[in-house]
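First up is the structure itself, then whatever we jot down about it.
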Amino acid sequence: MRAVVASLKLHRRPSKPNLCLLSSAIEQQPLLEMAGEGEDKVKDYVVIKEGEAEILMHSSNNVFFNKAQVNNRDMSIALLRTFISKRREEHAAMLDKKANPVSKLSEDTNSGPRTPSAKGHGELKPPRVLEALAASGLRAIRYAREVDGIGQVIALDNDKASVEACQRNIQFNGSIACSKVESHLADARVHMLTHQKEFDVVDLDPYGSPSVFLDSAVQSVADGGMLMCTATDMAVLCGSNGEVCYSKYGSYPLKGKYCHEMALRILLASIESHANRYKRYIVPILSVHMDFYIRVFVRVYTSASAMKKTPLKLSYVYQCVGCDSFHLQSLGRIITKNNNVRYMPGFGPVVPQDCSDCGKKYNMGGPIWSAPIHDQEWVASTLADVTAEKERYPAYDKISAVLTTISEELVDVPLFLSLHNLCATLKCTSPSAIMFRSAVINAGYRISGSHVNPLAQKTDAPMNVIWDIMRCWVKNHPVKPQPPEESGSVILSKEPTLQANFARAFASLSKAQAKKVHRFPLNPERHWGPKLRAGRQITSKHVSLLGRDVVDGILTNRDEGDSEPGPKRQKAEPTPSHP
């Protein structure tokens, strides 16, 4: 048995010297249990290290794990640290306001979200975190070991094998994980509904769509707490199955170069819709598209009056089928008279029946979240923390690049243009991004990039200005004649009302570009993307997901072993979990 334990421990990397020493008895307990099952079973486990956590994974794929999600977990840890810091600042400000009634009177007129008051107005308790879909428990263990000031972490799963793996990994990570992380077999939706407003942080990271969890999640978050939500069903959110997206999220997507940002805004609109049913509303902190998924971080507040502003934050999108021009129409508007505010439906339509640029029809999508999707103060604070402690983030290169690009986005401009799309419509050569940006800036408008797409041009310039700039470009770079009914021909047949100035503007390069900061790093390895759902048998058709070498190795080992496939994993009935 000692030889077996020693062989497994050889896979473990030495812990950092400044970390709390783990109890050897606790560390060896799961290993001894597996050693008692037989040496063959022990060999099926491998130790995976990520950050300061180590987990035991079985080769049978009975518990889901995806190495590519290290970007997701690192970003979540960074935002969780910022949340704890901001939460302390807000609590201190609340205590100062109560001690100073004069400042309280002046701050009550502020229309921003109010800081939730703590019970007893005493010492602030450490935040309670719920990981609703824990699987192996790696995320919950990393939260407990790496986030200072965190409180209890509840890890849920409705699969017995996942809960057993999570409990084994909690023990494997020693006293810190054992004292802070609890694993329960339970349906996340039921657990969140029966523990309303009890968690300061709720983390949803499902395999696929989070839509079935949103209603219970917005009820379980404490006032002023944070909801972290991932969606991986990008084909649905990006317009391949619009009717499915509408049934799940209540919005109709449009196919366009901005589809991934539209997916973020659809998810935010859906979360807001669920929150409004309980007189609650959300404030987005960070919304990111990374790899093959989107993830949003929002704070949840309760206010019947603030909830009335939701229609002002939502818009429908009109997209031309010919030239891809798009326009937004707000759902609502406000009328202010004698300090009285009335909420009214938005004026419309904002576009004629046919596109004013090319004469084609419009597709209509939405509603989407058209208010800012980032809080730049939080982004700057998180980026500073990540940069200062880069050694604590395994995916530092990726998350720092994403945060850097987001910090330079125009937060009040929904969606974006694609320079290549504009040129494809006109069948012309493309100006450089610097020249195009300079022309927009010289025309008196703002422009920035986007973390979603390296070719994105996010600008507040109207579409008629954009097409005037492109007409001026084509005059100096002529194109071959096209059929007169083509969208590009119709656009170029009109004379520009604006004379574009392509002289290089000072702000045509962002600060990150000027410093040559790497903003879109490549994937660290091949097949960096989604993986199989837990419990599914790996076959030759999964080469595109896992790679030829991995699949061949698994199939070879399976042929050498038992020829009969193992029984399918059964879902156990969840037992009531303790709060």
Side chain to side chain contact (heavy atoms under 4.5 Å, CB included) between Gln219 and Met192, intermediate numbers included: CA-CA 7 Å; Gln219 297 181 67; Met192 289 187 289; over 6 Å; no
side-chain hydrogen bond (donor to acceptor under 3.5 Å, both in side chains) between Trp467 and Ser325, intermediate numbers included: CA-CA 9 Å; Trp467 287 123; Ser325 299; 3.0 Å; yes
Audit row: Tyr281, Lys309, side chain to side chain contact (heavy atoms under 4.5 Å, CB included) steps and yes/no: CA-CA 9 Å; Tyr281 68 100; Lys309 299 179 182 178; over 6 Å; no
Side chain to side chain contact (heavy atoms under 4.5 Å, CB included) assessment of Leu426 paired with Val479: CA-CA 8 Å; Leu426 302 180; Val479 298; 5.7 Å; no
Evaluation steps, side chain to side chain contact (heavy atoms under 4.5 Å, CB included), between Ser209 and Val236: CA-CA 9 Å; Ser209 172; Val236 171; over 6 Å; no
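Scanning both residues, Phe416 and Ala456, for their nearest heavy atoms gives CD1-CB, 3.3 Å. Residues His420 and Ser430 come closest through the heavy atom pair CD2-OG, 4.2 Å. For Leu403 against Val379, the heavy-atom pair with the smallest separation is O-CG1, 3.7 Å. Between Thr232 and Gly208, the shortest heavy-atom contact is OG1-N, 2.8 Å. In this structure, Cys423 and Thr429 approach most closely via the heavy-atom pair SG-O, 3.9 Å. The nearest pair of heavy atoms linking Met435 to Phe502 is O-CD2, 3.7 Å.
Exactly one residue among Asn71, Asp205, Thr230 makes a side-chain hydrogen bond (donor to acceptor under 3.5 Å, both in side chains) with Arg295. That residue is Thr230. Checking Glu50, Glu131, Glu146 one by one against Arg139, the salt bridge (Lys or Arg N to Asp or Glu O under 4.0 Å) holds for a single residue, Glu131.
Using a 4.0 Å cut-off between a side-chain N of Lys or Arg and a carboxylate O of Asp or Glu, Lys475 and Glu495 qualify as a salt bridge. Between Arg142 and Asp74 there is a salt bridge, with a side-chain nitrogen of the basic residue lying less than 4.0 Å from a carboxylate oxygen of the acidic one. Salt-bridge annotation for Arg280 and Asp223: present, with a side-chain N of the basic residue lying under 4.0 Å from a carboxylate O of the acidic one. The pair Asp412-Arg446 meets the salt-bridge criterion, since a charged nitrogen lies less than 4.0 angstrom from a carboxylate oxygen. Using a cut-off of 4.0 Å between Lys/Arg side-chain N and Asp/Glu carboxylate O, Arg277 and Asp215 are scored as salt-bridged.
Remark: Asn421 pairs with Lys257, Asp324, Ser418 by the side chain to side chain contact (heavy atoms under 4.5 Å, CB included) rule, at least two apart or across chains. Residues forming a side chain to side chain donor-acceptor pair (under 3.5 Å) with Thr382 (at least two apart in sequence, or on another chain): Thr82.
For Arg437 (side chain) and Ser432 (main-chain N/O), no donor-acceptor pair under 3.5 Å exists by modelled atom type. Side-chain N or O atoms of Thr405 include none that pairs as donor or acceptor with a backbone N or O of Ser450 at under 3.5 Å. A donor-acceptor pair under 3.5 Å is formed between the side chain of Thr387 and the backbone N or O of Leu383. Not one N or O on the side chain of Gln482 forms a donor-acceptor pair closer than 3.5 Å with the backbone of Ser489. No donor-acceptor pair closer than 3.5 Å links the side chain of Asn501 to the backbone N or O of Asn442. The backbone N or O of Leu328 lies less than 3.5 Å from no partner atom in the side chain of Ser315, so there is not a single donor-acceptor pair. With Lys458 contributing its side chain and Val413 its backbone, the two residues share a donor-acceptor pair below 3.5 Å. Of the possible polar contacts, one joining the Arg471 side chain to the Ile491 backbone as a donor-acceptor pair under 3.5 Å is found. Counting only distance, with no hydrogens or angles, the side chain of Glu272 and the backbone of Ile282 share a donor-acceptor pair below 3.5 Å. For the pair Ser270 (side chain) and Ile266 (backbone), a donor-acceptor distance under 3.5 Å is absent.
Atoms OG and CD, on Ser381 and Glu377 in that order, are 7.5 Å from each other to the nearest 0.5 Å. A distance of 13.5 Å separates NE2 in His451 from CD in Glu408, rounded to the nearest 0.5 Å. Note that CZ of Arg81 is 11.5 Å distant from OG of Ser76, once rounded to the nearest 0.5 Å. In this structure, CG on Leu419 lies 8.0 Å from CG on Leu455, to the nearest 0.5 angstrom. Summarising the geometry, atom OG1 belonging to Thr459 is positioned 7.0 Å from atom CZ belonging to Phe436; distances are rounded to the nearest 0.5 Å. A distance of 10.0 Å separates OG in Ser508 from CD1 in Ile447, rounded to the nearest 0.5 Å.
Between Tyr258 and Phe326, the distance separating the two ring centers is shorter than 6.0 angstrom.
Counting heavy atoms of neighbouring residues, nucleotides and ligands inside a 6.0 Å radius, atom NZ of Lys360 exceeds 12 of them. Other residues, nucleotides and ligands contribute more than 12 heavy atoms inside 6.0 Å of the NZ atom of Lys494. For CD of Glu243, the number of neighbouring non-hydrogen atoms (other residues, nucleotides, ligands) closer than 6.0 Å is greater than 12. The 12-atom threshold is not exceeded at OH of Tyr246, counting heavy atoms of other residues, nucleotides or ligands nearer than 6.0 Å.
Counting heavy atoms from C-beta on, the side chains of Arg504 and Leu509 come closer than 4.5 Å. A heavy-atom distance below 4.5 Å is not found between the side chains of Gln319 and Leu415. Put simply, the side chain of Cys428 does not reach to within 4.5 Å of the side chain of His477, judged on heavy atoms. Side-chain contact between Cys229 and Leu214 is present, with at least one heavy-atom pair separated by less than 4.5 Å. With a 4.5 Å cut-off on side-chain heavy atoms, Met226 and Asp200 do not count as touching. Using a 4.5 Å cut-off on side-chain heavy atoms (C-beta onward), Val321 and Tyr362 make no contact. Within the 4.5 Å cutoff, side-chain heavy atoms of Cys358 are placed close to those of Cys320. Contact of the Trp378 side chain with the Leu79 side chain is registered, since non-hydrogen atoms from C-beta on lie closer than 4.5 Å.
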